[in-house]
Student: 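Let me give you the structure first, and then I'll get to my questions.
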Amino acid sequence: MRKINAEIPSVYNPKKVEEKWYKFWLEKDYFKAKHNHNKENNFSIVIPPPNVTGSLHIGHALNNTLQDILIRWKKMEGYNTLWLPGTDHAGIATQNVVEREIAKEGKSRYDLGREQFVERVWEWKEKYGNNIINQLKKLGFSCDWSRLRFTLDEGLSKAVRKVFIQLYKEGLIYRGNYVINWCPRCQTALADIEVESIEEDANLYYINYPIKDSKGEIITVATTRPETMLGDTAVAVHPDDKRYKKFIGKTAILPLMGREIPIVTDSYVDPEFGTGAVKITPAHDLNDFELAKRQKLQVINILNNDGTMNEQAGNFKNLPVFKCRERVLNELRKKGFLNNIEDYKHSIGHCYRCGTIIEPYLSKQWFVKMKKIAEPAILAVEEGRIEFTPSRWEKVYYDWMRNIKDWCISRQLWWGHRIPVWYCQDCGEIIVELEDPTICKKCGSHNLLQDPDVLDTWFSSALWPFSTLGWPEESEDLKCFYPTSVLVTGFDIIFFWVARMIMMGLKFCGDAPFKKVYINPLITDAEGRIMSKSKGNVIDPLTVVEEYGSDALRITLASLTIQGNYICLSEERIKGFRNFANKIWNVSRFSIMNLADFNIDKIEKNKLKMTLADKWIISRLNEAIKKSTDYLNEYKFGEAAKTIYEFTWSEFCDWYIEFSKPKLYQEKDTIEKRTSQYILWFVLENTLKLLHPFMPFITEEIWQKLPHKGESIMVSPWPKYKEKYMNKDAENKMEKIMSIIKTIRNIKSDMNIPYSKEIDLYLNVNEKYKLKLIEENVNYIETMIKTKSLEVGTGIKKPEYSATGVLEGVEIFIPLKDIINISEEIARLEKKLNKINSELNLIFKKINNKDFLSRAPEEIVKKERDKADDLRDIKERLENNLKSFKR
RNA sequence: GGGCGGAUAGCUCAGUUGGGAGAGCACUGGUUUUACAAGCCAGGGGUCACAGGUUCAAGCCCUGUUCCGCCUACCA
């Protein structure tokens with residue numbers, strides 16, 4: 001009879017349960033961290049703060065799923081956990097969003113003015129800034145929302161200011177005129193790492209520069225950016241270059257401009273490249289700038305902030321760079337200065353926020369001196385105080401840190417932390433103070449002007465692990481949770497963020513901000529391409545949640561998380577894990593139906609009568625607990641998830657549930673039945689606990705429906721591995737029974753016998769030990785295989801027209817008089833025999849090798865010999881069976 | 001130019017100190033069975049990129065080669 005439970009549907013519906021339990025956890029305050037001064041018992045993570053303008057993408061989903069797994073797992077292990085959430089003010093991105101918004105009103109930020117504009121951005125932030133936070137909640141993340149932070153919060157701003165001032169006072173922050181990366185669209189300076197080099201097909205232009213006072217002599221230079229010639233102030237050649245010896249010290253006439261520029265020598269010039277003569281544009285090329293400093297050359301800036309030419313470009317004034325390039329080339333061609341154009345592939349810098357081509361641009365900016373700050377940060381990793389996982393990222397970190405350059409931190413934006421520097425308009429004094437100054441200490445003037453620039457957003461992000469905990473105050477949070485336990489992030493921001501946090505943490509808190517950096521992979525689509533809106537291959541996590549549930553998405557992402565750099569995600573994958581959720585749902589449904597009359601409190605554990613299957617599943621569960629916990633400790637999320645998945649589906653559901661049915665279906669309340677119920681409950685509850693960090697909603701829903709103690713699975717203890725539950729003997733025995741069942745199924749399938757067809761079954765067993773084992777556990781075979789009759793014994797003769805299966809020490813006969821096709825059966829057996837023979841040959845080669853016998857460890861030799869014996873036995877029986885057909 | 005990573009089943013990838021080549025998906029056949037057809041049962045499919053070396057034994061360690069990614073660098 002089919003047992004039906006009308007109350008529990010056979011398909012899991014995540015929509016009905018997710019919201020309910022998230023609310024429940026919040027009401028119970030489970031996410032809220034407590035102050036606990038026993039630091040060993042604290043486990044803390046700060047979230048990589050998403051941009052306040054952002055909306056949740058699949059990368060966030062992965063990154064935060066992994067953090068949530070750690071937090072939930074550690075919490076169940078008994079730690080006092082803190083997962084501190086927050087958002088990042090994202091200077092350029094946020095300013096862009098609001099600028100676009102006011103553009104719709106036909107206004108620019110200049111129309112509003114600085115103060116009003118910033119107010120508009122705050123309004124925008126209050127209105128939309130929590131979008132991404134609410135999206136995070138949809139995925140069940142257990143962040144401590146009472147500690148939500150924003151990089152522009154008062155406390156965090158104070159930290160920024162304090163850090164700036166200290167670095168300035170120590171001479172580690174300075175202001176200067178340098179060639180920096182300028183984004184003409186964002187109209188701000190960028191740090192070197194904010195420039196993305198993209199290799200493009202371009203041209204190398206050869207331009208003739210006439211030599212002054214000569215009879216038509218010229219020097220030819222090569223350039224990729226011909227328009228910059230308008231700002232040239234010299235031509236440089238290598239001092240040893242014989243070709244140009246005659247020109248050294250002479251003067252060239254800059255075409256189109258008519259400016260007289262010197263021909264200088266510098267060993268920076270590579271004589272092999274181009275013509276070996278380089279045009280020098282100090283204001284728009286870093287190397288040229290350095291060279292100009294060495295040679296004391298004139299510096300001419302030809303660009304405006306918006307990427308158009310300024311008055312220094314003469315007739316080309318107000319033209320945008322590329323228009324200007326065209327015009328310059330035309331003019332050069334017309335006037336006979338353009339010598340040649342070659343195809344040329346090279347890297348061109350683009351703004352990492354808007355993609356616009358970056359112009360090297362001479363301007364006054366603020367910088368942080370990095371070398372000194374980097375040293376202790378390198379040491380911290382070398383000494384193992386910070387560990388990267390996977391460890392290969394340490395090399396990437398070292399490589400960057402050991403070649404670190406000064407960091408340009410000023411941005412010509414309005415949205416961000418204003419640089420805390422005032423200039424006295426009367427005496428020129430520079431004032432850098434914690435509190436806004438009103439008077440110049442030097443001359444007493446009140447005529448002070450604050451620096452208009454703001455700081456790079458990453459400057460405040462660098463302080464995130466301690467500024468969020470209350471630094472510079474000596475707060476309880478800081479005392480309890482700094483340093484944090486682990487940082488989980490992507491490799492794309494190791495330089496931007498991780499390295500800088502390490503430097504700042506060491507510098508200002510004396511301790512690295514985290515003990516471990518776990519680098520999670522990047523998600524690509526099924527074909528391995530990075531997801532992007534323009535490619536149209538994005539998988540939106542919220543759509544996935546809507547369709548398949550949050551748990552399905554989470555367990556998919558966790559299972560795919562390997563130690564590599566990329567993981568391929570597809571909807572097919574998610575469907576597979578949605579099916580897994582349904583499997584869990586149904587095994588629970590089965591359990592709940594069969595535990596209706598079960599009461600944990602009435603169970604007397606020492607009176608239980610455990611069957612072989614009971615001992616086996618307990619041992620397997622124990623193994624799964626050990627393996628999955630070990631994997632989590634090693635941050636192998638995929639392996640941990642897979643271990644639990646396989647245990648749940650392939651062992652618990654596929655085998656144990658079937659084995660337990662006869663006992664569970666007994667009408668009477670026997671000790672056997674109660675034992676079965678207990679084991680079923682015990683295994684299921686522990687499985688749910690193992691799954692909880694990965695799939696919090698479904699596990700809570702089921703746990704609450706099952707007999708349980710405590711108020712939530714979220715705060716229940718993590719399963720513990722216990723040596724005494726390991727039972728290798730039961731595992732070996734069960735495996736033997738299972739392999740008999742598998743072999744019979746195999747024969748039935750090969751012979752096209754449907755599952756429901758009852759068969760006569762003979763098991764001929766040649767060993768006393770095995771005979772006893774099978775006799776005692778024959779009920780498992782009968783549970784799985786429908787039999788008309790079953791005979792187990794020694795010396796059983798093979799009935800005529802039987803299909804045969806051979807295992808170590810066991811022969812299986814299934815008489816199939818009406819069905820069997822002799823030639824097919826012979827072919828089947830011969831195929832098996834061939835396989836055995838080739839295996840046997842390999843082993844013979846080994847065990848007949850003297851060197852193997854003398855040098856391999858004894859246990860390996862014994863293993864091989866045993867295997868050979870088993871295979872020989874199987875081979876012999878297969879041959880006998882074949883003979884019986886051929887007779 | 002330098003560095004890092006990768007090459008294992010049709011696809012995407014696991015494979016922890018060297019000792020029986022695995023998973024998911026896809027594919028083929030069977031199957032309405034007292035939880036689940038989003039299920040169950042069974043099956044096919046791999047010279048572990050190539051060439052050497054170390055070893056009794058190599059997907060794993062060493063050397064070289066080819067191909068593919070990524071990061072990085074001032075060759076205009």
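Just so it is clear: chains get the letters A, B, ... in the order the sequence lines come, proteins before strands, and each one is counted from 1. Predicted, not measured: the structure shown is a model, and the values here were computed from it.
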Student: Just to verify, what does A:Lys626 make a salt bridge (Lys or Arg N to Asp or Glu O under 4.0 Å) with, not counting sequence neighbours?
Tutor: A:Asp630
Student: Would you classify A:Glu394 as touching base, sugar-phosphate or nothing, given that sugar-phosphate means primed atoms plus P, OP1 and OP2, and contacts are heavy atoms under 4.0 Å?
Tutor: nothing
Student: Which part of the nucleic acid does A:Arg573 contact within heavy-atom distance under 4.0 Å: base, sugar-phosphate only, or nothing?
Tutor: base
Student: Contact class for A:Glu639 vs. all strands (heavy atom < 4.0 Å): base, sugar-phosphate, or nothing?
Tutor: sugar-phosphate
Student: Using a distance-only criterion (donor-acceptor N/O pair, under 3.5 Å, no hydrogens), is the base of B:rA38 paired with the side chain of A:Arg578?
Tutor: yes
Student: Provide the full list of salt bridge (Lys or Arg N to Asp or Glu O under 4.0 Å) pairs with a residue in residues 193-204 of chain A, sequence neighbours left out, each pair given once.
Tutor: A:Glu194-A:Arg411
Student: Is A:Arg745 close enough to B:rA42 that one of its side-chain N or O atoms is under 4.0 Å from OP1 or OP2 there?
Tutor: yes
Student: Students often get this wrong, so: under 4.0 angstrom with heavy atoms, is A:Ile657 touching a base, only sugar-phosphate, or nothing?
Tutor: base
Student: Closest approach to the side chain of A:Asp750, judged atom by atom: which nucleotide of B:rG39, B:rA42, B:rA35 is it?
Tutor: B:rA42
Student: When we call it a touch if two heavy atoms are under 4.0 Å apart, what does A:Val11 touch: a base, just sugar-phosphate, or nothing?
Tutor: base
Student: Counting the atoms with a prime plus P, OP1 and OP2 as sugar-phosphate, which does A:Phe652 contact under 4.0 Å by heavy atoms, base, sugar-phosphate, or nothing?
Tutor: nothing
Student: With sequence neighbours excluded, what pairs up with A:Glu623 under the salt bridge (Lys or Arg N to Asp or Glu O under 4.0 Å) test?
Tutor: none
Student: Any chance the rings of A:Phe496 and A:Tyr352 have centres within less than 6.0 Å?
Tutor: yes
Student: Going by the rule salt bridge (Lys or Arg N to Asp or Glu O under 4.0 Å), which residues pair with A:Asp866 if we only count those two or more places apart in sequence or in a different chain?
Tutor: A:Lys862
Student: Base, sugar-phosphate, or nothing: which does A:Gly549 touch, judged by heavy atoms less than 4.0 Å apart?
Tutor: nothing
Student: Given A:Ile567, which partner from the list A:Leu522, A:Asn520, A:Leu62 fulfils the side-chain contact (heavy atoms from CB on, under 4.5 Å) test?
Tutor: A:Leu62
Student: Tabulated below should be each protein N or O lying under 3.5 Å from an N or O of nucleotides 27-31 of chain B; please produce it.
Tutor:
none

Student: Base, sugar-phosphate, or nothing for A:Lys661, non-hydrogen atoms under 4.0 angstrom?
Tutor: base
Student: According to side-chain hydrogen bond (donor to acceptor under 3.5 Å, both in side chains), who are the partners of A:Asn746, at least two apart in sequence or on a separate chain?
Tutor: none
Student: Would one find a side-chain N or O of A:Tyr665 under 4.0 angstrom from OP1 or OP2 of B:rA35?
Tutor: yes
Student: Does any pair with a residue in residues 271-282 of chain A pass salt bridge (Lys or Arg N to Asp or Glu O under 4.0 Å), and if so which ones, sequence neighbours excluded?
Tutor: A:Asp232-A:Lys279
Student: Considering only B:rA76, B:rG5, B:rA14, which nucleotide approaches the side chain of A:Val269 most closely?
Tutor: B:rA76
Student: When you compare B:rG24 with B:rG45, how far apart are their C1' atoms, in angstrom units rounded to a whole number?
Tutor: 15 Å
Student: Nearest to the side chain of A:Asn746 - B:rU16, B:rG5, B:rG43?
Tutor: B:rG43
Student: Work out how far the C1' atom of B:rU54 is from that of B:rG46, and round it to whole angstrom.
Tutor: 26 Å
Student: Quiz question: going by heavy-atom distance under 3.5 Å, is there a donor-acceptor pair between the base of B:rC4 and the side chain of A:Lys395?
Tutor: no
Student: Closest approach to the side chain of A:Cys568, judged atom by atom: which nucleotide of B:rC13, B:rG44, B:rA76 is it?
Tutor: B:rC13
Student: Between B:rG39 and A:Asn579, is there an OP1 or OP2 to side-chain N/O distance shorter than 4.0 Å?
Tutor: yes
Student: Between A:Lys575 and A:Glu571, is the closest basic N to carboxylate O distance under 4.0 Å?
Tutor: no
Student: So what does A:Asp654 hit on the nucleic acid, given a heavy-atom distance under 4.0 Å: a base, only sugar-phosphate, or nothing?
Tutor: sugar-phosphate
Student: Any salt bridge between A:Glu547 and A:Arg578, counting N to O under 4.0 Å?
Tutor: no
Student: Could you go through nucleotides 70-72 of chain B and list every protein N or O atom that sits under 3.5 Å from one of its N or O atoms, giving the distance for each pair?
Tutor:
none

Student: Under 4.0 Å, counting only non-hydrogen atoms across every strand here, what does A:Ile860 touch: a base, just sugar-phosphate, or nothing?
Tutor: base
Student: Measuring to OP1 and OP2 of B:rA57, would you say a side-chain N or O of A:Asn849 lies under 4.0 angstrom away?
Tutor: no
Student: Applying salt bridge (Lys or Arg N to Asp or Glu O under 4.0 Å), can you list everything that pairs with A:Asp406, at least two apart in sequence or on another chain?
Tutor: none
Student: Once Watson-Crick and G-U wobble pairs under 3.5 Å are found, how is RNA chain B written in dot-bracket notation, 5' to 3', with | for any base paired to another strand?
Tutor: (((((((..((((.....[..)))).(((((.......))))).....(((((..]....))))))))))))....
Student: How would you list all residue pairs meeting side-chain hydrogen bond (donor to acceptor under 3.5 Å, both in side chains) that involve residues 836-852 of chain A, not counting sequence neighbours?
Tutor: A:Asn837-A:Lys875
Student: Could you pull out all residues at least two apart from A:Glu359 that satisfy side-chain hydrogen bond (donor to acceptor under 3.5 Å, both in side chains)?
Tutor: none
